[in-house]
There are 2 protein chains.
Amino acid sequence: MGTTSKALSLLNFFSRATPQIGLSELARLSGLNKATVYRLLGELAAHGFVEQVGTGREYRLGPAFLRLAALREKNVPMRDVALKHLTELSDATGETAHMSLLNGEVLSNLAYVYSNRHGTMVMMDDAEVLELHSTGSGLAVLAYSPKSFVDEMLSRPLTSRTPQTITDPNQIRALLPSIRTEGIAASVGGFEEDVFSHAAPIFDARSNCIGAMAVAAPVSRMTDTLRMMIRDKLMAHARQTTRILGGFPPDTFPTREPQMMLQKEA
Amino acid sequence: MGTTSKALSLLNFFSRATPQIGLSELARLSGLNKATVYRLLGELAAHGFVEQVGTGREYRLGPAFLRLAALREKNVPMRDVALKHLTELSDATGETAHMSLLNGEVLSNLAYVYSNRHGTMVMMDDAEVLELHSTGSGLAVLAYSPKSFVDEMLSRPLTSRTPQTITDPNQIRALLPSIRTEGIAASVGGFEEDVFSHAAPIFDARSNCIGAMAVAAPVSRMTDTLRMMIRDKLMAHARQTTRILGGFPPDTFPTREPQMMLQKEA
DNA sequence: TATGTCGGTTCATTATTTGAACCATTGGTT
DNA sequence: AACCAATGGTTCAAATAATGAACCGACATA
């Protein structure tokens, strides 16, 4: 691993739960030498990627990200595109629609839209990250990721978020083929109790899966009718989003009108 | 300069005007070897800090910034705080209020608020950067920056944005003492024609100047009355913003009620 | 006063970065 | 069609920058 990667990976230890971290603690977390971490933090700080809290204390993420994020969004208005489709998706289904991007080993939220049709809604959080094994979006991404990546991800200890979370790697692997034939993944209560989530993959210009678009509804509201409607709308909007972002689904991706009634020919 | 700094400085070559850059071009711009740039870009890309456009072409800023910016704003709601005070400032003065943060050699916009009192307003742009020598905000920052930094900044060639832009380093240096005694900087048409800008510095917990809060009005609307009112309100809101962000003005910073009528004692 | 932690610093050893040269492609010019 | 000058990407010995154990002083806590 290059020095730059080490420096950048330090940033991943900052999270919603641990927004600021001391030097020694960060050295411990990263497994790097304290002197190394100190020097790397110094370089990150010089560019505004981290800053020290108060006077000579812990470190936290710096202000440079605001500028770079604004610039990125000006150049590549992903969030805008996503919001447009999420709004339509949310309106059509009456449920929470969201989109997340693959960021290393987890998915990070890009945007989400609530519906106002019901009194209760599945809530999202900007700074929350989604695990690959326990969410519908994660399964959708895994289904369209290279085998080496899947193996890598499933070789780690899989945390059990709820009693419904599937933590057996082989059981998860077994789900992927059917997700691939459908083009959509589903997860019931794997991440949060009582949440039924459908998700479709999003691809970049090289047909790599870069994230997922999803609709999350309370289990109690899920009916066959709603499920069909969600699958239909989600598929269409995910496809459009991929296209508008300049991406292409891989050749293996099912066409919009699935050959449901057709028998496989070989 | 460490390897990490080199990698991070590559990011600064992406701008509103040049949102995507090829490998050779970036090597040329940065003065680094092409192989080096290639490797650094690879590491940046692995963390989502850059990505390649389409298939095997130029590079652009990556999606990771969206997540990190969201996380930063959750932890340190600078923009929220700024917007609150900018709104009040804009309401009180009837003009455009904005705040920017020092980012290396330039100021980058954090937030801005327009007033609806007049038909014409000074417009801002999220991804725009402000030069230190040609803007009110820049002068405010220079006035409260270490001499070494000022020397460094004024030793570069100073671009002339308008005929009114002051490009003589010594002339700029001569402005700084009076800014320091006032606590507020002013610039008339230095950055954009017909824009009269007042700016006050913002400080961090170590009393370093980290940016500026400003009010920008068309020259044609500027009167003594408005000028007084802007200075007053701007001073108050900049002070509050500094405090709420956890910062402290340096000891040399003028108190809220300036000793206007008092003669210097030495 | 003794002990453990912290952020920060040092410097000889080591491992990573570096850069000139080299491909294979692409796109424009003659 | 042949040529040229770009491009993105790759290689490997040489040079440089990163590393980590040990060491500060300061601040807690006991």
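Letters A, B, ... mirror the listed sequences (proteins, then strands); counts begin at 1.
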Rounded to whole Å, how long is the line connecting atom [atom1] of [X] with atom [atom2] of [N]?
X	N	atom1	atom2	value
Ile21(B)	dA6(D)	CD1	P	19 Å
Leu41(B)	dT7(D)	CG	P	15 Å
Tyr38(B)	dT7(D)	OH	P	16 Å
Glu25(B)	dT7(D)	CD	C1'	12 Å
Arg57(B)	dT25(C)	CZ	C1'	12 Å
Glu58(B)	dG9(D)	CD	P	11 Å

Checklist entry - Do side-chain atoms of Thr241(B) reach the backbone of His237(B) as a donor and acceptor pair under 3.5 angstrom? => result yes
Next on the checklist: Between Thr165(B) and Arg161(B) (side chain of the first, backbone of the second, donor and acceptor by atom type, cut-off under 3.5 Å), is there such a pair?
Outcome noted: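 The answer is yes, because a donor-acceptor pair under 3.5 Å joins these two groups.
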Checklist entry - Glu192(A) versus Thr162(A): any side-chain heavy-atom pair under 4.5 Å? => result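 Answer no - side chains too far apart.
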Checklist entry - Does the side chain of Leu132(A) come within less than 4.5 Å of Val106(A)'s, by heavy atoms? => result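 Val106(A) does not reach Leu132(A) side chain to side chain.
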Item to check | Pairing of Asp125(A) and Arg16(A) as salt bridge, 4.0 angstrom limit | outcome: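 A salt bridge links Asp125(A) with Arg16(A).
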Item to check | Any Gln52(B) side-chain nitrogen or oxygen under 4.0 Å from OP1 or OP2 of dG9(D) | outcome: yes
Next on the checklist: If you only use heavy atoms from C-beta on, which nucleotide in dG8(D), dG7(C), dT7(D) is closest to the side chain of Arg28(B)?
Outcome noted: dT7(D)
Nucleotides 14-21 of chain C: which of its N/O atoms have a protein N/O under 3.5 Å away?
unit_1  : atom_1 : unit_2   : atom_2 : d
dT17(C) : OP1    : Thr3(A)  : N      : 2.6
dT17(C) : OP1    : Thr3(A)  : OG1    : 3.0
dT18(C) : OP1    : Lys6(B)  : NZ     : 2.7
dT18(C) : OP2    : Arg39(B) : NH2    : 2.4

Item to check | Pair Met78(B)-Leu245(B), side chain to side chain contact (heavy atoms under 4.5 Å, CB included): steps then yes or no | outcome: CA-CA 7 Å; Met78(B) 264 200 170; Leu245(B) 292 179; 3.7 Å; yes
